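Below, chain A is the first sequence line, B the second, and so on; all start at residue 1. All values derive from a computational prediction rather than experimental measurement.
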Amino acid sequence: MIHIKAKLELIYKSLYKIYGPQGWWPIIKKNSKDTGIACTYHPEDYHIPQNKSQIYEICIGAILTQNTAWKNVEKALINLHQINGLNPKNINKINFEELKQAIRPAGYFNQKAKKIQQFNEFFQNLKNKTPSRENLLNVWGIGPETADSILLYAYKQTSFVIDVYTKRIFSNLGLIDENMKYDEVKSIFEQNIKSDLIIYQEYHALIVEHAKNFYNKKSNYSKDPLIKILQK
DNA sequence: AACCAGGACGTGA
DNA sequence: TCACGTCATGGT
């Protein structure tokens, strides 16, 4: 039997070969005001954050995408940007009701508005430091997956992100137990994958992309091509 | 027209 | 600890 390290590496290389680099996290494309063109997302604009504003944007996106399709999050982020809400300098100036209406398309808007408000306070107290995982988990509204997403994509920390897709895929492949807890699964990945930022970032993004193709609730998991790849 | 999406929190047992 | 209910919009 092949060691789990070799399997995780084989899976990564296979997914990378199939889908190519994903370039997560998506960053909004902000057109200049004088063009009057609405903000949009372009895959070619995905990149590692370059400044504080983009770090903040990723954090807000990570909160907004909780149990929500990214397409809906895009609408909310564009709304937020249009009221100047993605600039960390202005986060105190937006009133609560305006915030709620802007993020409405992302669902759970009452809860998420409160989560964003809580995060804002935390973010400002951070100054320009990198938060620890514990710091993030102490913020109301930030659980393990959101914390790891923020660490990995906003702050470039090698913290592997686990989500429902990860559990579905790897339990289907027999590499983890389906009722393992978050931190158990996380440590399996972190102990068996080279601790490299780009690999961590791409691996999680590739898992999501692959899951969208083969691991929707209604899909038949036995059709996953990774099964045959692992059999060789 | 139900069902689900890149979760997290509150509650009762 | 753990299982379950709740939160909400938009796409299929």
Side-chain angles (χ1 to χ4, degrees), chain A residues 11-12 15 19 21-28 40-41 43 46 49 57-80 96-120 122 131 133-155 159-172 176-186 189 200-221 224:
Chain A
I11 290 169
Y12 176 72
L15 292 178
Y19 303 109
Q22 303 298 299
W24 274 27
W25 192 278
I27 304 282
I28 200 172
T40 51
Y41 273 94
Y46 292 6
E57 177 183 332
I58 291 174
C59 297
I60 299 306
I63 291 171
L64 289 176
T65 199
Q66 291 171 358
N67 201 37
T68 300
W70 182 256
K71 195 72 185 170
N72 292 350
V73 178
E74 285 185 3
K75 298 176 195 291
L77 286 174
I78 289 169
N79 287 344
L80 267 182
F96 196 55
E97 287 308 312
E98 199 178 1
L99 173 62
K100 276 188 183 178
Q101 294 314 310
I103 66 169
R104 197 179 181 115
Y108 310 108
F109 61 90
N110 289 305
Q111 286 190 345
K112 284 177 178 174
K114 185 180 168 189
K115 291 179 181 182
I116 288 174
Q117 213 173 41
Q118 299 283 312
F119 178 78
N120 284 347
F122 171 77
R133 190 166 191 265
E134 275 213 326
N135 289 160
L136 288 165
L137 289 175
N138 283 331
V139 179
W140 186 88
I142 297 185
E145 183 183 342
T146 308
D148 288 331
S149 295
I150 289 174
L151 287 171
L152 180 61
Y153 294 107
Y155 289 100
S159 190
F160 205 90
V161 180
I162 307 300
D163 64 347
V164 283
Y165 286 153
T166 312
K167 290 184 180 175
R168 255 181 235 168
I169 294 177
F170 290 88
S171 63
N172 184 52
I176 65 168
D177 187 353
E178 65 180 330
N179 43 29
M180 270 183 178
K181 288 189 283 186
Y182 187 98
D183 288 335
E184 297 180 73
V185 181
K186 177 181 172 68
F189 278 85
Y200 273 37
Q201 291 181 329
E202 288 294 340
Y203 210 150
H204 173 63
L206 286 166
I207 284 169
V208 173
E209 182 57 32
H210 184 61
K212 283 176 178 170
N213 292 312
F214 295 98
Y215 286 86
N216 287 322
K217 275 259 171 107
K218 52 178 180 175
S219 58
N220 180 3
Y221 301 167
D224 181 0

Visitor: Out of dA5(B), dA8(B), dT9(C), which has the shortest distance to the side chain of Arg168(A)?
Guide: dA5(B)
Visitor: Rounded to the nearest Å, what distance is computed from the CD atom of residue Glu74(A) to the P atom of nucleotide dG10(C)?
Guide: 14 Å
Visitor: Given dT9(C), dG7(B), dA8(C), identify the nucleotide with an atom nearest to the side chain of Arg104(A).
Guide: dT9(C)
Visitor: For the pair made of OH in Tyr108(A) and C1' in dT6(C), what is the distance, rounded to whole Å?
Guide: 9 Å
Visitor: Just the rounded figure in Å: distance from C1' of dA5(B) to CD of Glu209(A).
Guide: 14 Å
Visitor: Give the nucleotide from the list dC4(B), dT9(C), dC2(C) with an atom nearest to the side chain of Lys217(A).
Guide: dC4(B)
Visitor: Considering only atom P, compute the distance from dG5(C) to dC3(B) and round it to an integer number of Å.
Guide: 15 Å
Visitor: Please report the distance, rounded to the nearest Å, between CD in Gln118(A) and C1' in dC9(B).
Guide: 13 Å
Visitor: Please check the phosphate of dG10(C) (OP1 and OP2 only) for any side-chain N or O of Trp70(A) closer than 4.0 Å.
Guide: no
Visitor: Kindly say whether the aromatic ring centers of Tyr215(A) and Tyr165(A) come within a distance under 6.0 Å.
Guide: no
Visitor: Work out how far the P atom of dA8(B) is from that of dG10(C), and round it to whole angstrom.
Guide: 22 Å
Visitor: Take the protein atom CD of Gln111(A) and the nucleotide atom P of dG5(C), then report the distance between them rounded to whole Å.
Guide: 16 Å
Visitor: Kindly say if Thr146(A) contacts the phosphate of dA8(B), meaning a side-chain N or O under 4.0 Å from OP1 or OP2.
Guide: yes
Visitor: Side-chain N or O of Asn72(A) versus OP1/OP2 of dG11(C): is the shortest distance under 4.0 Å?
Guide: no
Visitor: Please identify which of these residues, Lys115(A), Glu145(A), Gln111(A), meets the side-chain hydrogen bond (donor to acceptor under 3.5 Å, both in side chains) condition with Gln66(A).
Guide: Lys115(A)
Visitor: Round to the nearest Å and state the distance from Glu145(A) atom CD to dA5(B) atom P.
Guide: 12 Å
Visitor: Please report the distance, rounded to the nearest Å, between CD1 in Ile63(A) and P in dG7(B).
Guide: 14 Å
Visitor: How long is the span from the CG atom in Asn135(A) to the CZ atom in Phe122(A), to the nearest 0.5 Å?
Guide: 5.0 Å
Visitor: From the options dC2(C), dA5(B), dC9(B), select the nucleotide whose nearest atom is closest to the side chain of Trp140(A).
Guide: dC9(B)
Visitor: So which one's nearest nucleotide on DNA chain B is more toward 5', Leu137(A) or Thr65(A)?
Guide: Thr65(A)
Visitor: The side chain of Lys75(A) lies closest to which of these nucleotides: dA8(B), dG10(C), dT9(C)?
Guide: dG10(C)
Visitor: Can the ring centroids of Tyr221(A) and Phe214(A) be said to lie less than 6.0 angstrom from one another?
Guide: no
